[in-house]
Number of protein chains: 2
Amino acid sequence: MDEPFDVFGVDCPSRVILQRIGDRWSMFVIAALSTRPMRFTQLKNRIGGITPKVLTETLRALQADGLVARRAFAEMPPRVEYRLTPLGLSLLEPINAIRAWAEANVPQVLEARARADA
Amino acid sequence: MDEPFDVFGVDCPSRVILQRIGDRWSMFVIAALSTRPMRFTQLKNRIGGITPKVLTETLRALQADGLVARRAFAEMPPRVEYRLTPLGLSLLEPINAIRAWAEANVPQVLEARARADA
DNA sequence: CAGTATCCTGTGAGATACTG
DNA sequence: CAGTATCTCACAGGATACTG
């Protein structure tokens, strides 16, 4: 049996999370849903530049991972709400750790990057 | 002036970090260097499956961001050592937060994913 | 040893248009 | 409103071979 969380395993489950939060749009969706549920078009408007196709794909992936819940109301016109699950909410903590690091250190990264360009 | 760390800004600097730690190989390199400096070939061997081209690219990116330092010795045969900078070392903390979350919650994610497949 | 140099491919993602 | 359906493309990443 494998070490359950060997960082050097390509199939290490923690990479699942890293890839998810590293991808182009997931973080925007999670951030948008962090305070309240939102509807499809609300998300689309809030997250400037995302296309409906990509938003759908992102939401599907987050649902598949149990981070976001979808709730459809049988109304006319249709209404669908997305919200973070408890699991999704719990992910906000490590995300905030990254955020805190970024706030403290990104200036240095940008400096280093500028120096590297020169 | 923009909010310095508006998660909804496409150019939000914290995305820099998320993309970096979310990419295919950076985390392996950082993990490999977390305890001690390593040479190119040591890294290549430790991180199974990475090609020299990609390892070079990854190291370059990490150097450009000031997370990894490269030190070449004028010897024959050539010797080069890579190590985490203090900045790179400090990144281990938020990374461990993610890791801790993953250890606690990835099983649920995998369950959700399995349920989604069915 | 520590990389370069080429070539190649899959797929994440965008543009655009359409529908129950 | 809440998505689908196509089409297209760039580019991250891989395979393989070579070099100062």
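Just so it is clear, the values below take in all heavy atoms, side chains as well, and ignore hydrogens, waters and symmetry mates. Residue numbers begin at 1 in each chain, while the letters A, B, ... track the order of the sequences.
Heavy-atom minimum distance, A:Arg39 versus A:Pro78: NH2-O, 3.5 Å. The nearest pair of heavy atoms linking A:Gln108 to A:Ala104 is OE1-O, 4.3 Å. In this structure, B:Trp101 and A:Ser90 approach most closely via the heavy-atom pair NE1-OG, 2.9 Å. Of all the heavy atoms in A:Ala97 and B:Ala97, the pair that sits closest is CB-CB, 3.8 Å. Taking each heavy atom of A:Ala32 and A:Arg46 in turn, the nearest pair found is CB-CG, 4.4 Å. Among all heavy-atom pairs drawn from B:Gly66 and B:Thr85, the shortest one is O-OG1, 2.7 Å.
Atom CZ in B:Arg24 sits roughly 10 Å away from atom C1' in D:dG14 (whole-Å rounding). The distance from atom CG of A:Asn45 to atom C1' of D:dA2 is 12 Å, rounded to the nearest whole Å. A straight line from CD of B:Gln63 to C1' of C:dA2 spans 13 Å, rounded to a whole angstrom. The nearest whole Å value for the distance from the NZ atom in B:Lys44 to the P atom in C:dA2 is 11 Å. Between B:Arg79 atom CZ and C:dA2 atom C1' the separation is 13 Å, expressed in whole Å. In this structure, A:Glu75 places its CD atom 13 Å from C1' of D:dA2, rounding to the nearest Å. The separation between B:Met38 atom CE and C:dA2 atom P is 11 Å, rounded to whole Å. Between B:Met27 atom CE and D:dG13 atom C1' there is a gap of 19 Å when expressed in whole angstrom units.
A sub-4.0 Å separation between OP1 or OP2 of C:dG3 and a side-chain N or O of B:Arg70 is present. Applying the 4.0 Å criterion to OP1 and OP2 of D:dA2, one finds that A:Arg39 has a side-chain N or O inside that range. Using a 4.0 Å cut-off, no side-chain N or O of A:Arg60 falls inside it from OP1 or OP2 of D:dG3. Remark: B:Thr41 is in phosphate contact with C:dA2, judged by side-chain N or O atoms under 4.0 Å from OP1 or OP2. Within the structure, every side-chain polar atom (N or O) of A:Trp25 is placed at least 4.0 Å from both OP1 and OP2 of C:dG12. Neither OP1 nor OP2 of C:dC1 sits under 4.0 Å from any side-chain N or O of B:Tyr82.
Among the nucleotides C:dG3, C:dC1, D:dG13, the one closest to the side chain of B:Thr56 is C:dG3.
Place A:Pro78 and A:Val54 on DNA chain C by their nearest nucleotides, and A:Val54 ends up nearer the 5' end.
You won't find any donor-acceptor pair under 3.5 Å spanning the side chain of A:Lys53 and the base of D:dA5, going by distance alone.
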Reading DNA chain D 5' to 3', how would its secondary structure be written in dot-bracket notation, given Watson-Crick and G-U pairs with both distances under 3.5 Å, brackets [ ] for crossing pairs and | for partners on other strands? ||||||||||||||||||||

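Judged by distance alone, with hydrogens and angles left aside, the side-chain atoms of B:Arg71 form no donor-acceptor pair with the main-chain N or O of B:Arg79 at under 3.5 Å.
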